[in-house]
Amino acid sequence: MAIVTAPLLASMRVGFSKTFEDAKAKAPSQWALAATHVPSTAKSTTYGWLGQYPKLREWVGPRTVKSMQEHGYSITNKLYEGTVGVARTDIEDDNLGVYTPLLAEMGYAAATHPDELVFGLLGKGVTTLCYDGQNFFDTDHPVYPQVDGTGDAVTVSNLIDPAAGDPGLAWYILDASRPLKPLIFQERTKPDLLAVTDPKQDHVFTQDEYLYGVRYRCNAGFGFWQQAVCCRDTLNAANFGKALALMQGYKADGGRPLALGRGGKSGTLLVVPSSLYSAALDVVGVQLINGGESNKYYDAATIINCAWL
């Protein structure tokens, strides 16, 4: 039987922290492929520059300062936690081994939490506003003839639905070739494992257990809608080509082509729920189709088989 002492509790905390950090480091994570990481220093961060695709011009005479349309799109950090209790009797009975997998799972959860936020946001894109006041996936995004957002806008779609019938399961093409990705992961703090082991604490005294918990402040939001297309029609070669061509035709305010969707496997993502993974492989994952015919979309995108959609 172990005697519960301060040195023992300190040693236990070090061991649990190592288990947590090791599991966090080994957890598979894909969010950085689709989202720009932005450190945050306040309760919320406003992205006034959204909608401004920079462009260079020949420098003749003084610099030309163009007034860009400012969009007041803000992402407010949220506070997340996960807590487990360790019974004092388990420490006394040398039964701490049962908690090691639990602390490892907490590390895994902390590491994959950004994936859950970032890719979960895609599924909300048809009902959630982005910087231009439209839903992120919508049929009428305004694009203006002048770079400052003036003139008569034309409307552009990044949402494809079946010509007839109800929309089906959504899949997504994302352009991730640029430093700025189509989604934003905003991080106010890193995930931290905290402990309550002081016997004078109310919970420790009344419940006879010690607490270990994760604290994490962060959130996810939308970047440029032009870098994402949502399709709720069948995932096949024809619709993949349709979605890709739609993205490749996008222009910034002022009429400049954005050259999106041309990165192939190194810069284009095909994000699918697990139930569409096989169909995704048929579209971009096989070199030969129809008994030996070359597949023109082979390696045209990296497949993300996403559990968080």
Side-chain angles (χ1 to χ4, degrees), residues 33-36 47 49-53 69 71 73 75 118-145 147 149 152-163 166-178 180-185 220-264 267-273 276 280 283-284 297 300-304 306 308-309:
L33 295 174
T36 302
Y47 297 85
W49 46 262
L50 279 174
Q52 303 175 15
Y53 275 103
Q69 184 178 22
H71 301 274
Y73 180 72
I75 300 175
V118 166
F119 292 112
L121 200 60
L122 284 178
K124 302 173 184 177
V126 294
T127 56
T128 306
L129 301 180
C130 67
Y131 72 86
D132 66 354
Q134 301 296 124
N135 291 326
F136 185 68
F137 294 116
D138 215 332
T139 58
D140 52 355
H141 288 285
V143 177
Y144 294 89
V147 72
D152 295 329
V154 296
T155 56
V156 178
S157 174
N158 67 338
L159 176 62
I160 300 174
D161 278 332
D166 295 330
L169 203 58
W171 50 274
Y172 309 88
I173 292 181
L174 308 181
D175 182 285
S177 64
R178 294 172 178 249
L180 294 172
K181 302 293 194 295
L183 301 169
I184 296 169
F185 176 63
F222 295 112
F224 295 110
W225 62 262
Q226 296 94 330
Q227 291 177 263
V229 172
C230 172
C231 184
R232 297 189 291 188
D233 205 347
T234 304
L235 176 52
N236 54 31
N239 285 330
F240 177 83
K242 181 180 179 180
L244 196 61
L246 185 64
M247 177 180 287
Q248 291 174 349
Y250 291 150
K251 297 180 180 181
D253 289 343
R256 178 168 61 96
L258 293 173
L260 299 170
R262 290 169 168 79
T268 304
L269 306 178
L270 175 56
V271 185
V272 299
L276 292 181
V283 174
V284 300
Y297 293 124
T302 294
I303 301 171
I304 294 183
C306 187
W308 312 113
L309 292 177

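Since this is a predicted model, take the numbers as computed values, not measurements.
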Practice prompt. With side-chain contact (heavy atoms from CB on, under 4.5 Å) as the test, would you mind laying out the steps for C231 and K242 before giving the verdict?
Written response: CA-CA 9 Å; C231 184; K242 181 180 179 180; over 6 Å; no
Worksheet item: Distance-only, no hydrogens or angles: does the N158 side chain make a donor-acceptor pair with backbone N or O of A228 under 3.5 Å?
Response: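 Answer holds: yes.
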Discussion item. Taking side-chain contact (heavy atoms from CB on, under 4.5 Å) as the definition, give me every residue that meets it alongside A153, ordered by chain and number, with sequence neighbours left out.
Written reply: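 Residues passing side-chain contact (heavy atoms from CB on, under 4.5 Å) with A153: P142, Y144.
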Practice prompt. Please name all residues satisfying side-chain contact (heavy atoms from CB on, under 4.5 Å) with P145, sequence neighbours left out, ordered by chain then number.
Written response: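 Testing P145 for side-chain contact (heavy atoms from CB on, under 4.5 Å), a comparison that skips the adjacent residues, returns none.
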Item to complete: List in chain and number order the residues that pass ring pair (Phe, Tyr, Trp, His ring centres under 6.0 Å) with F119, two or more places apart in sequence or in another chain; answer none if no residue qualifies.
Response: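 Applying ring pair (Phe, Tyr, Trp, His ring centres under 6.0 Å) to F119 gives none.
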Worksheet item: Looking at residues at least two apart in the chain, or sitting in another chain, which of them share a salt bridge (Lys or Arg N to Asp or Glu O under 4.0 Å) with D161?
Response: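 Once residues adjacent in sequence are excluded, the partners of D161 under the salt bridge (Lys or Arg N to Asp or Glu O under 4.0 Å) criterion are R232.
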Item to complete: Tell me, with the steps shown, if V118 and L121 meet side-chain contact (heavy atoms from CB on, under 4.5 Å).
Response: CA-CA 5 Å; V118 166; L121 200 60; 5.9 Å; no
Classify the angle between the aromatic ring planes of [X] and [Y] as parallel (below 30°), tilted (30 to 60°) or perpendicular (above 60°).
X	Y	answer
F240	W171	parallel
F222	F136	parallel
Y47	Y73	tilted

Practice prompt. For S177, check side chain to side chain donor-acceptor pair (under 3.5 Å) against everything at least two apart and list the hits.
Written response: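 Checked S177 against side chain to side chain donor-acceptor pair (under 3.5 Å); matches are D175.
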Discussion item. Going by side chain to side chain donor-acceptor pair (under 3.5 Å), name the residues that satisfy it together with N135, two or more places apart in sequence or in a different chain.
Written reply: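 Once residues adjacent in sequence are excluded, N135 has no partner under the side chain to side chain donor-acceptor pair (under 3.5 Å) criterion.
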Worksheet item: Nearest heavy-atom pair of A34 and P182: which atoms, and what distance?
Response: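 Closest heavy-atom pair between A34 and P182: O-CD, 3.4 Å.
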Discussion item. Rounded at 0.5 Å granularity, tell me how far CZ in F224 sits from OG1 in T36.
Written reply: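 So the gap between those two atoms works out to 8.5 Å.
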Fill in: Intermediate values then yes/no, side-chain contact (heavy atoms from CB on, under 4.5 Å), V143 and V154
CA-CA 5 Å; V143 177; V154 296; 4.2 Å; yes
In the structure I gave you, are the side-chain heavy atoms of [X] and [Y] within less than 4.5 Å of one another anywhere?
X	Y	answer
L260	R178	yes
L269	L33	yes
T139	T155	no

Practice prompt. I would like to know whether L122 and V271 meet side-chain contact (heavy atoms from CB on, under 4.5 Å); could you show each step before the answer?
Written response: CA-CA 9 Å; L122 284 178; V271 185; 4.1 Å; yes
